Peer 1: 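Handing you a structure now.
Chain A is the first sequence line, chain B the second, and so forth, proteins listed ahead of strands; every chain is numbered from 1. From a predicted model like this one, the values you see are computed outputs, not experimental measurements.
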Amino acid sequence: MLMPDNGNRPEKICDLTYLNEMMFGNKEMMGEIINDFTEQTAAEMKLFHHAISNEDFPAIKQCAHKMKSTVGIMGISSLLPLLQEMEVLGAEAKDMPRIKTLADKVNEICLLAIIELK
Amino acid sequence: MKRFRFSRWYNDLSLAKKLYFAMSVIGIFITIGLVALIISIDSLSGIRGYVTGHGLWVKAQRDGVYNLSRYSIIKKETDYQAFLQNMQVPLGDKKARLELEKIKPDYNIVRQGFREGLNHPDDINGMIELFRRYRHFAYLDKAVSIRADGDNEISKLMMVGENLHREIASGSASQEKISFLLSQIYSINKKLTIIENDFSQTMGEGGRRMENFILKILLSLLLIVAMIGLIFSIKLNKRISNSIKDMIFVAKEVATGNFSIRALTSSKDELGVMSRSINRMISNLENQFNEINEVQKKLRIKTKQLDYAQQSAHIGSWEWNLVSGQTEWSDEFYRIHGLVRGEQENTYELSISFIHPDDREYVDNVAKQQYSDQHQIDIFYRIIRTDGAVRIINGKGKVFTDSSGKTVRMRGTIQDVTELKKAEEELIYKTNQLNKAQRSARIGSWEWNVEDDVLEWSDAMYRIYGVTEKEFDVSYEAVMKFVHRDDIEYVQKVAKQQAQDKKRYNIYFRIIRPDGLELTVNAQAQVFTDAKGNTIRMTGTVQDVTRQKQIENKLLEFKHFFNTTSDLACIANTEGNFEIINQSFVDKLGYSNKELTGTWFLNFVHPDDVQDNLNVVEELAKGKTTVNFVNRYRTKDGKYLWFDWNSTPNAETGKLYAMARDITQQKENEQELRRLKELAETSEKIKDQFLANMSHEIRTPMNAIIGFSDLLARSSLKEHEKDYVKTIKHAGENLLTIINDILDISKIEAGMMVLEKSDFSIRDSFKSLHELMTVKAQPKNIGLNFECAPDVPETVAGDPTRLSQIMINLVGNAIKFTLKGEIDVSAEVIENEKHDLSKDEVLIKFCVRDTGIGIPADKLGNIFERFRQAAHATTRNYGGTGLGLSIAKQLVELQGGQLTVESIYKTGATHGETGSVFTFTIPFRKAVAPGIKKSDKKKYDLAQLQQINMLIVEDNPMNVKLLQHLFKEFNLKSEVAENGKICISMIKETAFDIILMDMEMPVLTGYEATEIIRNEMKNKIPIIAMTANAMAGEREKCLSLGMNDYISKPINAELLFEKIYNITFNAYAR
């Protein structure tokens, strides 16, 4: 029970508190940003897939870094350690199997997040 | 030859002559006018004469006709005679006219004719002149021809008259004949009347014409005269006034000091002469002025030179004229006193007032004495300057007298000799100090002047040798007698050697003093030679080093001990560098003495021990006298040896004395033991960690299951499919709760649970808990009351999430086991009994009381254990993992509190008889701020931020949008660059106040862009790095590249504004 106020409901992936604060509760603007997030994330996931199949470590690193700030805005804190690890592995250009595992998880969480946001 | 020019000639005329000239011209014109007037009058008079004459002529003709008419009737001879008499007038005029018509008339005949025509004698000349002058004047010509016609008719009349006379005289005249003649007469008379009229008209017309003509000429002349007079007056007036104005202007300019100006000298008249005189005067003045200036300039230079000289020598001069009472001070005099020339009147009294009160009377007396004695003075005294500084002055003065011997003038100088006096005092002080130093260091000095053969000893020399200046005659031989028997040969040899090679010597030898005391001395000497190499002077010192020698010997003994002991010994300096190491140390480590000396003692220490050793050094620095510590030392072959140290610092020198023993073997044994123990301990931790990781691994797919089943449930499904999905979802949720519990418990036990510390309100937490739990309590129809005692502080600092988690577990547990009745939750402050609470802490007791089934006494002890429930059947009846209470207990304990439970349990009991009370305490820090919100006071000025122009360098469109929206909300100005390259081209074109720079970007990264901005462009524009890199050292990296600050993503708006404000405004203010 990490988030007690969720009771027995499944834990929420996104925490929009930050976004809400930054947008001063402007629902329209928030909707726009969320829309951007879903589109951008889909594109980024494709990039990830592409970089992994090409074993392009710098691209993996860059992609992970970029996603870090994006998911930060959406308050998807569960993604941060995964992306951080991917970034480090990308920078060090090693352990492709682990990167793949991480990418699968990221993909899954992103998907859930998109579902949740919709 | 010069050509004559009227204008020049006229200009050069004197003013009087110009006037005469003008008057003459006017006079000429007036004369012409007068002549014309006379001629005119004359002519008019002539006309008048003719007109008068004509009148007479007409009268005579009429009278004649009358006479003939009367004669024809009365026939009296007298009438005929009267007729002839009357005819004389026209005949006279005819006579004059005929004569005048001649080319060369005889004027006498003319005059006679006019006289016969009965004209007035005075008019006759005018008539002649008129005729002469205007003979060809049309009117006159016409008048003459008319008169000629008249004269013809007169002749006819006379003939008719003669015929009449003859008829009447014959006496036989018929009346008819007479009437005929009379009609002839009347006819002639009629013609004559017409002619007379013509004549009169012609003359009248001519006269009028002439009058007009004359009048016009006269008027023209008058106009010319008036014009000449006017033009001349104006010209002359203009000339005079211009010249005078010019001279006035020149005079004014000269008065203001402009000597270069000159008056205009275009003419030679009086004004020209006057201008030239003025110019000569100005030239003279200019020359005189220049001479005066030259002299003044020289004088100024001289004064300045004198002033400089005085200033550099700090000498001021003064002069007092006793006759006029005036005093004169030089600039330096003022400076020495700290005065400014002109601010105060320079009087003798003023100068005296600056003198130090203690010296004032003395100086005054001396001055008065000088006045009467007329002697020169040369004294020292002190003054207090205007700025309060006390200066020492050397005053000199001299008196000047007149022929009678009376003092008339005093003159003198003052010199600021403060520095000189100070230097003198310093010299005396230093000499004393040197003597003192020599005494205390037991150093004597001597000097031998070879030329005069004088050997001089300082006081200390006598003291070292134990003799006095009175009883001892200093000489080389006498000194040699003091030298120890064993050293004499050596000393003499050195002295001899030095006499030859003239090099300095530095030797030790022993002396025996007259009192029998044996001293060891250190003697040094130096030779001074002339150009030829001859010795001219020798100087030297002798130092009593007896005590040093004794110490040296003792030291040798210690050294021996130091190097032979089997323990490791060393001395380190204040920085911790080895200074001295003993042989055992060298042997143990395998490094040479040279390799170790000067190196830092920590260089050889095992990296893991360095911090401990530094702590020890700190303890020593804090004043601990002896410390014991253990560390590993690296030997030359790379092995580490365990040393047990005992170290003592020298309080005076700060050096460190240390002894060590090799305890490697002992340590290895210990370590092996510890390793075995740790192995046992860590296996448990690994297990926990594994659990934590596993839980996490499980949780992620669980979220997927629940999420997708939720999504699926919302889609169009058949009823029974919907039921399946709901079941999946419910099961998933239950599973997730269990997993979350497992995750938490394992996190706690693996030591991975980190507590938050933030200000929050317990009352607010209760409110939201009440809301949350009511959802669960309501279906069971159980009452739920939350109550917070008034003494609970409004705000406390702690972890609100964990408190809520504990409450949810306890209240959830209570709801689960309560079928009927109520659950009461309360919070109150309790007295600080066992807890070691500080002043700013408060202990709060929370109670969760239910009317549930209760817990059997024998189970009370272990309900907090993991996976334990009061009865095995519980899980079946009530569900749950049995982890909730365990988590609650551990969370309470993590926060420094305690969780206890009391319960009443009865088998077969009815409602109201059983129940449980969970009580826990948590110490909270009292929040500093009275309200929840920490501080509303912003650390930046929004109005100022709105003035600046920011450049956002960011490739992530979401971040860009976020920042743009944020800035728009606050009316802040910003532009966007998508990467480093665009950023650089943008700042080249636009002046931004600050850059918010993302680090990871395509094309050109933030790191690269910053390097270009700082190193190539030399641009100092503030840059704040924005990065999602939470890695250690990132901040340092950004700052080292020359960025001004760093902010991590996601951006905190308040913090960002604060940083922007601080960098742009506070930095500028600096």
Peer 1: What pairs with B:Lys889 under side chain to side chain donor-acceptor pair (under 3.5 Å), at least two apart in sequence or on another chain?
Peer 2: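 Listed in chain order: B:Glu893.
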
Peer 1: For B:Leu769, is it the side chain, the backbone, both or neither that has a heavy atom under 4.5 Å from a heavy atom of chain A?
Peer 2: neither

Peer 1: Measure B:Met773 against the heavy atoms of chain A and call it side chain, backbone, both or neither at under 4.5 Å.
Peer 2: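 Neither part.
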
Peer 1: Do you know the tightest heavy-atom contact between B:His965 and A:Met29?
Peer 2: ND1-CG, 3.1 Å

Peer 1: Shortest non-hydrogen contact from A:Lys66 to B:Asn956?
Peer 2: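 For A:Lys66 and B:Asn956, the tightest heavy-atom pair comes out as O-ND2, 3.5 Å.
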
Peer 1: Please round to the nearest 0.5 Å and tell me the distance separating atom CG of B:Asn959 and atom OG1 of A:Thr70.
Peer 2: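 Taking CG in B:Asn959 and OG1 in A:Thr70, the distance rounds to 6.0 Å.
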
Peer 1: Supply the atom-to-atom distance B:Leu962 CG to A:Met23 CE, rounded to the nearest 0.5 angstrom.
Peer 2: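 Nearest 0.5 Å value for the CG-CE distance: 4.0 Å.
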
Peer 1: Any chance you could measure B:Glu1000, atom CD, to A:Lys68, atom NZ, to the nearest 0.5 Å?
Peer 2: 8.5 Å

Peer 1: Using only non-hydrogen atoms and a strict under-4.5 angstrom cutoff, which residues of residues 32-53 of chain A touch chain B?
Peer 2: A:Glu32, A:Ile33, A:Asp36, A:Phe37, A:Gln40

Peer 1: How long is the gap from OG1 on B:Thr1005 to NE2 on A:His65, to the nearest 0.5 Å?
Peer 2: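 Rounded to the nearest 0.5 Å, the OG1-NE2 separation comes to 10.0 Å.
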
Peer 1: Quick one: side chain to side chain donor-acceptor pair (under 3.5 Å) partners of A:Glu21, sequence neighbours excluded?
Peer 2: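 In terms of side chain to side chain donor-acceptor pair (under 3.5 Å), with neighbours along the sequence ignored, A:Glu21 is linked to no residue.
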
Peer 1: For A:Leu111, is it the side chain, the backbone, both or neither that has a heavy atom under 4.5 Å from a heavy atom of chain B?
Peer 2: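 Contact with chain B is through the side chain of A:Leu111 alone.
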
Peer 1: How about B:Lys726: does its NZ atom have over 12 heavy atoms from other parts shown lying under 6.0 Å from it?
Peer 2: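 No.
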
Peer 1: Can you measure from CE (A:Met67) to CE (B:Met958) and round to the nearest 0.5 angstrom?
Peer 2: 10.0 Å

Peer 1: Where on A:Met74 is there a heavy atom nearer than 4.5 Å to chain B: the side chain, the backbone, both, or neither?
Peer 2: side chain

Peer 1: At a 4.5 Å cut-off on heavy atoms, which part of A:Leu19 comes close to chain B: side chain, backbone, both, or neither?
Peer 2: side chain

Peer 1: Can you list everything that forms a salt bridge (Lys or Arg N to Asp or Glu O under 4.0 Å) with A:Lys94? Sequence neighbours excluded, please.
Peer 2: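 For A:Lys94, the residues satisfying salt bridge (Lys or Arg N to Asp or Glu O under 4.0 Å) (neighbours in sequence not counted) are A:Glu92.
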
Peer 1: Is it true that, when you exclude B:Glu978 itself, more than 12 heavy atoms of the residues, nucleotides or ligands shown sit nearer than 6.0 Å to its CD?
Peer 2: no

